[in-house]
Amino acid sequence: MPELPEVETTRRGVAPYVEGEQVDELLVRESRLRWPVPADLPQLLRGQRVLSVSRRAKYLLFHTAAGTLLVHLGMSGSLRVLRQPIPAAGPHDHIDLRLSSGDCLRFNDPRRFGCFLWSEPGETHPLLAHLGPEPLSDSFDGLLLHRLSRGRRGPVKNFIMDGRIVVGVGNIYANEALYLAGIRPDRSAGRISLARYERLSDYIKQVLTSAIEQGGTTLRDFVGGDGKPGYFAQQLHVYGRAGLACKTCGGVLREQRLAQRSTVYCVTCQR
DNA sequence: CCTCGGACCTGGTAGC
DNA sequence: TGCTACCAGGTCCGAG
């Protein structure tokens with residue numbers, strides 16, 4: 001599920017239940033995630049108070065005085081808050097974080113592309129060391145995209161999905177933002193003007209912001225029973241609509257694979 | 001440095 | 001109904 005908006009929605013959903021609480025136990029049922037869960041992670045976390053939950057790119061960061069727990073949801077991961085009585089773990093419920101309140105933060109991830117890692121106080125985890133700016137921050141704009149794209153020949157869609165350029169732009173929103181900006185996904189990044197990059201950065205911000213706002217309507221799902229984080233009720237213009245009519249011109253939306261990812265665009269409205 | 005393809009996994013669905 | 005092939009919201013890594 002997790003594009004940036006859903007990770008942020010998860011953060012907002014779990015933070016009220018986790019912040020200020022002490023970790024009673026980290027229960028690891030399956031340690032074979034994208035990277036092995038460190039064997040000493042339960043010991044490192046036990047008794048620690050979670051001071052805050054923040055987000056960097058698509059990583060959730062649980063800060064404690066002893067260090068920071070890094071969580072990534074990969075392609076299929078989710079975190080849910082469970083209240084007492086805590087239901088039995090089901091398939092793919094790999095990790096439980098038991099809190100002193102009696103609540104439980106449960107990690108489920110069928111594909112196991114997610115991760116639970118640790119970083120010591122004051123050190124930047126290697127996975128976070130070379131990340132680009134947050135898309136919703138002021139340091140991300142068209143000027144940055146224009147500057148970093150000079151000389152690059154690869155498709156602009158790959159460029160904006162490169163976490164070293166800007167983080168958090170996943171496949172769905174890359175497709176959507178390029179459509180809204182009127183830019184063909186396969187155009188060379190280095191041959192796009194500053195004006196068009198300003199338009200593109202604006203739409204990236206807009207589409208992520210509105211998706212986060214809509215994600216906010218599903219917060220209760222993180223506490224409740226079946227816990228399927230709702231998919232964004234967001235109106236998608238192109239993603240998943242190959243072969244259907246462009247909402248602007250009525251033409252048939254075309255599909256192409258870029259970097260092995262499904263890419264949908266309108267040949268008329270995107271140049 | 002840049003770009004590309006493969007890799008890691010499981011589950012759902014389309015097609016035969 | 002059953003089997004197979006392909007696809008899926010991410011992103012790291014190594015080869016060229």
Side-chain angles (χ1 to χ4, degrees), chain A residues 1-11 29-37 55-60 70-79 90-95 107-117 125-132 134-135 145 147-178 185-191 204 207-208 210-212 214-215 218 221 227-243 255-264:
Chain A
M1 337 259 139
E3 289 239 8
L4 182 139
E6 219 169 23
V7 177
E8 177 59 22
T9 300
T10 296
R11 189 192 68 77
R29 299 186 189 82
E30 172 59 84
S31 61
R32 296 172 304 165
L33 303 184
R34 171 85 195 257
W35 292 280
V37 178
R55 180 186 58 74
R56 175 74 174 106
K58 292 171 189 164
Y59 293 91
L60 289 168
L70 257 81
V71 175
H72 198 290
L73 302 178
M75 291 276 265
S76 58
S78 63
L79 280 177
H92 312 302
D93 284 339
H94 303 314
I95 298 177
F107 174 71
N108 179 284
D109 185 8
R111 292 178 73 179
R112 291 193 274 122
F113 285 172
C115 66
F116 267 59
L117 296 170
H125 195 281
L127 288 171
L128 305 183
H130 305 290
L131 294 177
E134 289 290 324
L145 287 179
R147 179 164 53 80
L148 296 182
S149 63
R150 294 310 90 181
R152 294 187 67 138
R153 314 196 50 199
V156 62
K157 176 162 177 271
N158 301 6
F159 177 68
I160 59 171
M161 290 180 70
D162 183 341
R164 291 164 303 186
I165 306 301
V166 57
V167 301
V169 182
N171 195 40
I172 294 178
Y173 296 106
N175 276 296
E176 294 299 309
L178 287 164
D186 60 357
R187 179 168 292 276
S188 261
R191 296 222 224 109
I204 287 172
V207 81
L208 290 176
S210 103
I212 289 171
Q214 297 184 48
T218 67
D221 291 338
K228 279 264 168 21
Y231 191 55
F232 305 109
Q234 161 115 1
Q235 284 276 350
L236 297 175
H237 295 90
V238 286
Y239 182 81
R241 297 192 68 247
E255 180 160 25
Q256 181 186 6
R257 296 199 73 81
L258 290 177
Q260 294 100 253
R261 309 303 298 279
S262 164
T263 305
V264 186

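All values derive from a computational prediction rather than experimental measurement. So that the names make sense, note that chain A is the first sequence line, chain B the second, and so on, each numbered from 1.
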### Task
To the nearest 0.5 angstrom, please state how far the OG1 atom of T9(A) sits from the CD1 atom of I212(A).
6.5 Å
### Query
If you measure from the ring centre of F113(A) to the centre of the six-membered ring in the base of dT11(C), is it under 5.5 Å, with the planes under 30° apart?
no
### Task
Specify the separation, in whole Å, of atom CG of L4(A) and atom C1' of dT11(C).
15 Å
### Task
Would you indicate which nucleotide in dG11(B), dT11(C), dC7(C) comes nearest to any side-chain atom of R34(A)?
dT11(C)
### Query
Which residues satisfy the side chain to side chain donor-acceptor pair (under 3.5 Å) test with D93(A), sequence neighbours excluded?
N108(A)
### Task
Figure out the CG/C1' separation between L128(A) and dT11(C), and round it to whole Å.
13 Å
### Message
Can you measure H94(A) atom NE2 to dC9(B) atom P for me and round it to whole angstrom units?
### Response
11 Å
### Message
Distance check needed: dC8(B) P versus D109(A) CG, whole Å only.
### Response
16 Å
### Query
So, N175(A) side chain and V264(A) main chain: donor-acceptor pair closer than 3.5 Å or not?
yes
#### Entry: Partner nucleotide of dC7(C) by Watson-Crick or wobble geometry (both distances under 3.5 Å)
dG11(B)
### Task
In whole angstrom, give the distance that lies between atom CD of E255(A) and atom P of dC6(C).
15 Å
### Task
Would you indicate, yes or no, if dT11(C) has its OP1 or OP2 atom less than 4.0 angstrom from a side-chain nitrogen or oxygen of H72(A)?
yes
### Summary
Of A57(A) and R111(A), the one whose nearest nucleotide on DNA chain C sits closer to the 5' end is R111(A)
### Query
Counting just side-chain N and O atoms, does Y239(A) come under 4.0 Å of either OP1 or OP2 of dG9(C)?
yes
### Query
Tell me: CZ of R112(A) to C1' of dA8(C), nearest whole Å?
17 Å
### Summary
To the nearest 0.5 Å, atom NE2 of H92(A) lies from atom OG of S78(A) at 11.0 Å
### Task
For the pair H72(A) and Y59(A), name the ring-plane relationship: parallel under 30°, tilted 30 to 60°, perpendicular over 60°.
perpendicular
### Message
What does the B/S/- profile of nucleotides 1-6 of chain B look like, 5' to 3', with a 4.0 Å heavy-atom cutoff to protein?
### Response
--S-BB
### Query
Sub-3.5 Å donor-acceptor pair from the side chain of E176(A) to the main-chain atoms of L236(A), do we have one?
no
### Task
Mind calculating the distance between CE (M161(A)) and P (dA8(C)) to the nearest angstrom?
11 Å
### Query
Quick one: is S262(A) getting a side-chain N or O under 4.0 Å of the dA8(C) phosphate, OP1 or OP2?
yes
### Query
Can you tell me how far OG1 of T263(A) sits from CZ of R257(A), rounded to the nearest 0.5 angstrom?
7.5 Å
### Atom-pair distance (CG on L79(A); P on dG9(C)), nearest Å
20 Å
### Query
Does R261(A) have a side-chain nitrogen or oxygen under 4.0 Å from the phosphate oxygens OP1 or OP2 of dG9(C)?
yes
#### Entry: Residue R150(A) excluded, over 12 heavy atoms near CZ under 6.0 Å
yes
### Query
Looking across every strand, which nucleic acid part, if any, lies under 4.0 Å from Y59(A) by heavy atom: base, sugar-phosphate, or nothing?
sugar-phosphate
### Below 4.0 Å: OP1/OP2 of dC12(C) and any side-chain N or O of H130(A)
no
### Task
Any strand is fair game: report the nucleotide pairing with dC12(C) by Watson-Crick or G-U wobble, both distances under 3.5 Å, or none.
dG6(B)
### Message
Say we look at dG9(C) and dT3(B): how far apart would their C1' atoms be, to the nearest angstrom?
### Response
24 Å
